[in-house]
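Encoded as structure tokens, the structure appears first; notes follow it.
Lettering follows sequence order; numbering is per chain, from 1. We use all heavy atoms of the structure for the numbers below, so side chains are in, but hydrogens, waters and symmetry mates are not.
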Amino acid sequence: MSVRVRFAPSPTGYLHIGGARTALYNYIFAKAQGGKCILRIEDTDEQRSTKEFEASQIDDMNWMGITYDEGPINGGEYGPYRQSERLDIYQKYANNLLNEGLAFYDFCTEEELELMAQKTKDEGAPPYTGKWRDKEHWDEARKRVAAGEKAPLRFLVPDIDVEFDDFVRGNVKFPKGTVGDFVIMRSSGVPTFSFCNVIDDHLHGISHVIRGEDHVNNTLRQVLLYQAIGAELPKFAHVSLLIGKDRQKLSKRHGATSVRQYREEGYLPEALANYLCLLGWSHPDEKDVFKIDELASVFTLDRFSKSHAIYDIEKLQWINGQHIKQMDLDELHKRCSEFISHDFYEQQSVQWQKTFLGLFQDKIHLFPELNSHLEELLKDSMDMNDDLKEIMSWETSPAIKDYIQEQLNTVKTDYVSAEQFSEWMNYCKKELKIKGKPLFMGLRGVLTGQNHGPDLKVLIPLTPVEILKKRVASL
RNA sequence: GCUCCCAUCGUCUAGCCCGGUCUAGGACAUCGCCUUUUCACGGCGGUAACAGGGGUUCGAAUCCCCUUGGGAGUACCA
């Protein structure tokens, strides 16, 4: 059987990192198995679904490098791929179930339903005990519907134990009576998630359902539904959930939870994908920096962890830094520019920009950090902090300062060349007889006001001469 | 409440299915040292875990049971 998997988001918000993670797993699994990955939009929640969220979720997935073979935009032979466009299909299946006596219209009032729910809680009674599940009331119910009354259609849950095999959880069993007759068609005529999800997975030929653990209880219902429509069960893999530092459900207060936010903060898509993939799945060679497309040959469903993973971004930042470090300069130059918010940078030559980037490439974890390094580079005044005071108190430092200031005034170009700067250093060494720490630290102090920082021989030729002059003058 | 699931360093995890090779391995974070006369990178090293209790066994992180703790679901949301 060929592998077909799907990612089925609800367009009710931005793409969540949890959703992105399951999408990622589906995508990689399809790649690894030479199968197809399908995108299906589950927009049956009329109130909350919007086209804007649909578009933004697809956009964010593409950004992360998750592509699909069939979907609402690029089509496919199993379309349509938007549930709101498949309503007649669900209706047909619902009618079949109704006619086969596997579903019934329910006219219970809200009060009655509430009472049942209460009873379930208190006494452990079966969840739905309304009279409408009994055959003798079916004719009456159908007549009322025919007469125009609205009622939800419930699936008549058979009184049997249910079990299914799961790639991460093994054999999962539910005793009979765990779920009550659940709604498959709302009184508005719109089907519910449990129902269309099953029909679509069946019709779309889905072979493996990889989704979050929060769906195991739905799977119980869905197994019953598969049996009712006479469809073969797909294979299941219920992946553990992501939780926050406080071991609570991941929410806004744990920081950024949407892919969009990471994207805007300058995280690399390959780094986010890399990190998300590692939360609950492990590389057989224990590698932790990789590109998801490299995973095709090693990705298997038996390497999922059963327990929850706490989402903690420290490692994400490290991984992001690793991916930056691995980039070649041209790519880095191209990709980071949108996160640099200084006109000065844009006004420089490509050569300058690349030198600057090369200097900081292995120091940063995130592109926006480049901005603070730029600011540091452009600072034209120096604070007399303790470090600088100490440097200036050395007897060698005033000589360096005087010499540098004098040299600076002779420079006619915008920048000191690397050669020129080397000459200055040599002069200090040979003529001023300064060497070692007093030389390097002295120069750094005089020129930058700092006692630490990147390689002076690269840094100084990157700094505009005007700024160097102002700094030295302010001493 | 009920149903289902989970439990290895602070965090992500390897090992568990097929008990001995585990004085429990890796990574992030943290600490120290080396390197770079600075910082960062890098290298080396340290601190740090099998939730608890019972079994089974010559032997258990690995198998079984209980307890405790955590999570999910329990909608005319998905």
Earlier contact from the 5' end, RNA chain B, for A/Thr120 and A/Arg221: A/Thr120

Minimum-distance nucleotide (side-chain atoms of A/Asp362 versus B/rA72, B/rU3, B/rC41): B/rC41

A/Arg144 charged N/C atom sitting above A/Phe107 aromatic ring, 6.0 Å / 45°: yes

Touch class at under 4.0 angstrom, heavy-atom based, for A/Ser10 against every strand present: sugar-phosphate

N/O donor-acceptor pair, side chain A/Gln248 with base B/rG71, under 3.5 angstrom: no

Side chain of A/Arg247 (C-beta onward), nearest among B/rG25, B/rA78, B/rU11: B/rU11

Proximity to RNA chain B (any heavy atom under 4.0 Å), residues of residues 301-318 of chain A only: A/Arg303, A/Lys306, A/Ser307, A/His308, A/Ala309, A/Ile310, A/Asp312, A/Glu314, A/Lys315, A/Trp318

Main-chain N/O of A/Gln248 paired to A/Asp246 side chain as donor or acceptor, under 3.5 Å: yes

N/O (side chain, A/Lys119) to phosphate O (OP1/OP2, B/rG1) under 4.0 Å: no

Watson-Crick/G-U partner (both atom distances under 3.5 Å) of B/rG42: B/rC34

Sugar-phosphate, base or nothing in reach of A/Phe440, heavy atoms under 4.0 Å: base

Option passing side-chain contact (heavy atoms from CB on, under 4.5 Å) with A/Gln222 (candidates A/Asp201, A/Val198, A/Asn217): A/Val198

Sugar-phosphate, base or nothing in reach of A/Asp106, heavy atoms under 4.0 Å: nothing

Aromatic ring pairing A/His283/A/Phe290, orientation class (parallel under 30°, perpendicular over 60°, tilted between): tilted

Proximity to the side chain of A/Glu213 - top-ranked nucleotide from B/rA72, B/rC5, B/rU38: B/rC5

Pair of N/O donor and acceptor under 3.5 Å linking B/rA78 base with A/Asp214 side chain: no

Carboxylate-amine/guanidinium proximity below 4.0 Å for A/Arg133 and A/Asp106: no

Sugar-phosphate only, base, or nothing, as touched by A/Arg444 at under 4.0 Å among non-hydrogen atoms: base

Rounded P spacing from B/rG43 to B/rC5 in Å: 43 Å

Which residue lies more 5' along RNA chain B, comparing A/Gln83 with A/Lys363 via nearest heavy atoms: A/Lys363

Residues, nucleotides or ligands: over 12 heavy atoms within 6.0 Å of A/Glu431 CD: yes

